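Everything numeric in this text was worked out from a predicted model, so none of it was measured.
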Amino acid sequence: VASYLWWGVDFNVDYMTAVLACQFTDRTVHFFDEVRLKNSNTEEMARKMKAIEPNIEVYPDPAGSARSTTSRRSDHQILRDHGFLIRAKKSHPSHIDRLNALNRKLRDANGTIGMTVDPRCNYLIKDLEQCQRDKKGGLAKDNIELTHALDACSYAISYKFPIRRMIGNTIQW
């Protein structure tokens with residue numbers, strides 16, 4: 001049984017991309033739809049997302065909280081105005097941590113598969129198969145058509161299933 005649905009979004013002028021996933025009660029994630037708009041804007045992306053699955057959580061690129069030069073509203077505010085609940089960190093997680101969280105969700109050290117992708121998610125599958133790491137461990141961004149669906153997917157995965165968990169301890173005096 002799916003516990004809830006959510007979107008992962010990558011804001012990019014060339015290829016704006018969103019991937020739709022459901023999370024099951026066993027914490028397995030299944031990506032089952034995607035939206036990719038070429039040379040578009042956040043307003044159009046929000047309308048497309050809303051037509052497919054409205055008013056759910058969105059895990060966007062953290063940089064989307066800043067206002068752009070073309071709008072008085074930030075990408076996050078545009079999504080909020082369309083009824084989406086934004087879940088984003090204040091700054092980008094490191095590329096290495098984000099990719100490690102994604103790899104761990106694909107298959108962890110015990111061999112457990114924690115993420116599946118529907119065959120109709122063509123761009124996400126292409127990114128998972130073809131994207132490579134650069135010399136610093138991040139994503140190689142030399143092909144402008146790649147990485148957008150992977151970024152959208154990994155923003156959500158790293159937010160919900162981070163590699164580094166901050167656990168507080170209480171001390172009794």
Side-chain angles (χ1 to χ4, degrees), residues 1-12 14-38 40-66 73-93 95 97-108 110 112-129 131 139 146-166:
V1 176
S3 58
Y4 62 93
L5 300 171
W6 41 271
W7 287 99
V9 182
D10 179 44
F11 304 112
N12 187 288
D14 298 313
Y15 295 99
M16 190 163 287
T17 307
V19 292
L20 181 60
C22 62
Q23 181 180 333
F24 295 95
T25 53
D26 67 355
R27 297 175 49 95
T28 300
V29 174
H30 178 66
F31 286 91
F32 63 93
D33 205 354
E34 63 186 3
V35 177
R36 181 171 166 126
L37 303 175
K38 187 173 182 178
S40 186
N41 58 59
T42 308
E43 195 72 45
E44 185 178 353
M45 176 58 82
R47 284 193 297 272
K48 294 269 187 189
M49 290 167 53
K50 193 171 185 174
I52 296 169
E53 191 60 54
N55 306 323
I56 59 174
E57 291 180 354
V58 176
Y59 296 85
D61 178 347
S65 64
R73 298 181 300 160
S74 70
D75 293 326
H76 290 185
Q77 187 58 52
I78 292 169
L79 291 172
R80 273 190 208 94
D81 292 347
H82 281 272
F84 293 105
L85 179 61
I86 303 301
R87 300 281 191 223
K89 296 181 180 181
K90 295 195 184 296
S91 63
H92 280 95
H95 282 261
D97 286 347
R98 192 162 47 103
L99 293 174
N100 285 340
L102 177 62
N103 284 335
R104 183 179 64 187
K105 201 64 178 157
L106 285 165
R107 180 177 286 162
D108 68 15
N110 297 324
T112 305
I113 295 172
M115 183 179 125
T116 58
V117 181
D118 191 278
R120 70 178 166 189
C121 296
N122 297 318
Y123 295 106
L124 181 55
I125 291 169
K126 184 176 180 179
D127 280 3
L128 288 167
E129 290 176 346
C131 287
L139 278 177
L146 292 177
T147 74
H148 307 296
L150 185 63
D151 282 338
C153 167
S154 66
Y155 289 134
I157 295 294
S158 68
Y159 187 97
K160 296 180 71 51
F161 308 99
I163 289 294
R164 294 182 182 170
R165 291 186 184 240
M166 302 297 190

_Ring center gap for Phe31 and Trp7 short of 6.0 angstrom_ =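 Distance test on ring centres: not under 6.0 Å, no.
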Looking at [atom1] of [X] and [atom2] of [Y], how far apart are the two atoms once the value is rounded to the nearest 0.5 Å?
{"X": "Asn55", "Y": "Met49", "atom1": "CG", "atom2": "CE", "value": "10.5 Å"}
{"X": "Ile157", "Y": "Leu150", "atom1": "CD1", "atom2": "CG", "value": "10.5 Å"}
{"X": "Leu128", "Y": "Asn103", "atom1": "CG", "atom2": "CG", "value": "9.0 Å"}
{"X": "Asp33", "Y": "Leu124", "atom1": "CG", "atom2": "CG", "value": "11.0 Å"}
{"X": "Leu85", "Y": "Tyr59", "atom1": "CG", "atom2": "OH", "value": "8.0 Å"}
{"X": "His30", "Y": "Thr116", "atom1": "NE2", "atom2": "OG1", "value": "4.5 Å"}

Would you say the side chain of [Y] lies within less than 4.5 Å of the side chain of [X], judging by non-hydrogen atoms?
{"X": "Leu99", "Y": "Leu139", "result": "yes"}
{"X": "Lys126", "Y": "Leu146", "result": "yes"}
{"X": "Lys50", "Y": "Phe84", "result": "yes"}
{"X": "Pro60", "Y": "Tyr155", "result": "no"}
{"X": "Phe161", "Y": "Gln23", "result": "yes"}

Okay, side chain of [X], backbone of [Y]: is any donor-acceptor separation there less than 3.5 Å?
{"X": "Glu34", "Y": "Ala149", "answer": "no"}
{"X": "Asp108", "Y": "Thr112", "answer": "yes"}
{"X": "Arg73", "Y": "Leu79", "answer": "no"}

*asked:* Could you report the tightest heavy-atom contact between Cys121 and Phe32, atom names first, then the distance?
replied: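 Smallest interatomic distance, heavy atoms only, reads SG-C, 3.6 Å.
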*Using 30° and 60° as the class limits, which term best fits the ring planes of Tyr15 and His148: parallel, tilted or perpendicular?*
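Plane angle between 30° and 60°, so tilted.
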_Stacked cation flag Arg87 on Tyr159, 6.0 angstrom / 45 deg_ =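 Negative - Arg87 is either too far from the ring of Tyr159 or too far off its axis.
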